[in-house]
*Asks:* 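Got a structure here, written out as structure tokens. Questions coming.
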Amino acid sequence: MKVFNTLSGKKETFQPQGSEVKIYVCGVTPYDECHLGHAMSYIIFDVIRRYLRFRGYKVRYVQNVTDIDDKIIERANQRGVPAAELAGQYTESFFRDMDALGIERADVYPYATGEIDKITEVIQGLIDKGHAYPAGGSVYFRVKSCPGYGKLSRRNLESMMTSCSIEMGKEKEHPMDFALWKAAKPGEPYWESPWGQGRPGWHIECSAMSLKYLGDSLDIHGGGQDLIFPHHENEIAQSECFTGVEPFVKYWLHNGMVQFGEEKMSKSLGNLITIKDALEKYSADALRVFVLSSHYRSPLTYSEAAIEAAVGGVERLARVLRRDDQTGGKGEALDAEPYRKQFTEAMDDDFNTPQALAVLFDLASAINQAADSGISFQDAKEALFSLKRDVFGLKRRDVVITVPTAQIEVRGFAPTVYVSVQPTPEVEVRVERLVEERAKCRDAKDWQRADKIRSRLAELGIVLEDTSRGAKRIWERSPAVESLNSLLAELGITLEDNT
RNA sequence: GGCGACGUAGCCAAGUGGUUAAGGCGGCGGUCUGCAAAACCGCUAUUCACCGGUUCGAAUCCGGUCGUCGCCUCCA
């Protein structure tokens, strides 16, 4: 397996340091709703985690929640609520979004406010070693004490000094020194510390939490490319100076940014689409496929057309999985092994999800061909299903019931497919009655009436596809009983009993 | 200004030295069907932003030009 390491700028052979892969992924600062940028990052690292497990690794996955920060305080003040309340509200919202997107929960979610002891321990350690100094109730990291500073983002102090907007802080020894601990201003939330009342600086919580929950040296640290500098650069400085252990992180993985039109989607630009808004329109599977259809290190440009294409792809994969053709008479079976191998090769090459996805589509085509020619495809179908579920986290599996449960005699036994719906018996019995009526009309060659039933049912969310075994019913929604009653009345059909 | 990434069909997007340039979406034609839908078959980039160079051979390597984006300040 090869992964692209930001630190070296190259693809490297992946070799975890211990028996389990230790992954830390930068989480959220909960002061607002999460948007598609977060979705992209967390979907990708979810898939990386799933793939590592698929390849037989044990994985320990930690993601922080930075629940105290300048932005939280600012937003809370605007709204006149306590910072902790605001953070709590958006943290809950974050978890709802993650669950809705089918992102597996991390093993640990440490909160910055819950780790003040570890944070102060690290800060004190840095002071003791001469890497940090208190000033005016705050504590700053002394960048000049860290010879490797800039190695991740490939920049040096001199070049940074020439860039535009660096102002000399009154308290800081060097303009690039950054806060480990911030003295509380009046009215701000604070914690007690050896340097007075205050709160952690932005970068220190990630160092403290990863050291506490994963040890001095992790295998993978992930996040968006916008975190490379200063956040991850500073994390390396803090952690390596504190522990003396190098490397703090063996493989740094960074995903590209979601673009909205011509620029990055971000909170500060306000050009964002929240995860909740996206999920109103598209399924989690569609959003996942949209993200996975381009490489994680490339920018991902948001467009309705691109997500619609993903919707189509998700449908294609779903349809092939609901095929239940009777096959096997020829004694041949489709072998999924070559596809599994190609899939693994693609993913082994720095998680090439677009290529791996293409393999799934190839497998889908092969299954359709096999089914059409009477070759057994059950094993291949299982392989497709497990790859898409276990590695890509695509959850949709339609419920297929081949024998109608309703107490109405229906000609033929074409499958009934429920797409995330569970109709009531009252609804089901009416639909079955309409399907039966249509079958009679078709026998009588009353195409007009038959097509009317089909198109009206489609409007109500039930698609009919004629097969040699009768009409296959695909329930995309469950209609209201009243709608069905009025359709029955319009057609002059009465139900035999009182159901 | 400094650092980095990118420019492949109508759209999205793999491929980074060598047989016919993956795959998805869309479109067109065909098979099947009463008609659809689905599925299948065929077609949809003689060409990879542009110009030079290296090479027996380049979308892939090198130089230049144009264009786009990210980071350098809070950001996934």
Side-chain angles (χ1 to χ4, degrees), chain A residues 6 9 25-29 31-32 34-45 69-71 74 150 153-156 158-167 202 222-231 233 254-259 261-269 272 289-290 292-295 297-301 303-317 319-320 322-323 325 342 346 349 352-362 364-365 367-369 371-373 442 445-448 450-451 454-455 458 463-468 471-472 474:
Chain A
T6 307
V25 175
C26 277
V28 289
T29 299
Y31 72 93
D32 207 341
C34 289
H35 55 78
L36 288 181
H38 300 99
M40 176 190 186
S41 190
Y42 300 145
I43 286 170
I44 279 157
F45 287 106
D69 157 277
D70 292 356
K71 295 249 171 176
E74 187 187 329
S153 51
R154 266 173 259 288
R155 53 188 84 188
N156 54 55
E158 293 75 58
S159 73
M160 284 187 271
M161 291 303 295
T162 61
S163 73
C164 44
S165 62
I166 298 210
E167 81 292 356
W202 174 33
Q225 282 170 351
D226 53 354
L227 294 180
I228 294 171
F229 189 89
H231 188 55
E233 195 69 70
H254 292 98
N255 62 275
M257 300 288 99
V258 173
Q259 305 287 126
E262 299 294 278
E263 47 189 7
K264 185 178 84 166
M265 183 177 289
S266 78
K267 291 180 185 178
S268 47
L269 291 168
L272 44 81
V289 167
F290 166 62
L292 298 174
S293 63
S294 85
H295 188 86
R297 282 190 284 117
S298 303
L300 177 66
T301 304
S303 76
E304 298 267 322
I307 301 186
E308 291 292 350
V311 170
V314 167
E315 286 302 317
R316 184 168 163 77
L317 293 178
R319 277 195 302 263
V320 71
R322 67 166 90 117
R323 286 196 77 146
D325 310 56
Q342 286 175 43
D349 183 15
N352 193 333
T353 56
Q355 200 159 62
L357 192 58
V359 174
L360 295 190
F361 284 115
D362 286 342
S365 289
I367 290 170
N368 279 325
Q369 286 165 36
D372 283 359
S373 52
R442 294 186 72 219
K445 301 209 188 306
D446 183 355
W447 308 124
Q448 209 178 2
D451 289 352
R454 182 172 61 191
S455 64
V463 176
L464 299 183
E465 295 181 3
D466 291 322
T467 74
S468 57
K472 185 168 174 176
I474 299 152

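In what follows, chains carry the letters A, B, and so on, assigned in the order in which the sequence lines appear, proteins first and then strands, with residues in each chain numbered from 1.
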*Asks:* In this structure, how many angstroms lie between the C1' atom of B:rU73 and the CZ atom of A:Phe229, rounded?
*Replies:* 10 Å
*Asks:* Given the C1' atoms of B:rG57 and B:rA38, what is the spacing between them in whole Å?
*Replies:* 45 Å
*Asks:* Tell me whether the side-chain N/O atoms of A:Ser298 come closer than 4.0 Å to OP1 or OP2 in B:rA14.
*Replies:* yes
*Asks:* Do A:Ser365 and A:Arg316 have a side chain donor and acceptor closer than 3.5 Å?
*Replies:* yes
*Asks:* To the nearest Å, how far apart are A:His295 NE2 and B:rA13 C1'?
*Replies:* 12 Å
*Asks:* Would you indicate, yes or no, if B:rG2 has its OP1 or OP2 atom less than 4.0 angstrom from a side-chain nitrogen or oxygen of A:Arg154?
*Replies:* no
*Asks:* Ignoring backbone atoms, test whether A:Gln369 places a side-chain nitrogen or oxygen under 4.0 Å from the OP1 or OP2 oxygen of B:rC41.
*Replies:* yes
*Asks:* Roughly, in whole Å, what's the span from CD in A:Glu74 to P in B:rC74?
*Replies:* 13 Å
*Asks:* Describe the nucleic acid contact of A:Gly223 in one word from base, sugar-phosphate, nothing, applying a heavy-atom distance below 4.0 Å.
*Replies:* sugar-phosphate
*Asks:* Indicate whether OP1 or OP2 belonging to B:rA14 is found under 4.0 Å from a side-chain N or O atom of A:Asn352.
*Replies:* no
*Asks:* Which sits closer to the 5' end of RNA chain B, A:Ser153 or A:Leu36, going by the nucleotide each is nearest to?
*Replies:* A:Ser153
*Asks:* For A:Tyr42 and B:rA76, say yes or no: do the ring centres fall under 5.5 Å of each other while the ring planes differ by less than 30°?
*Replies:* no
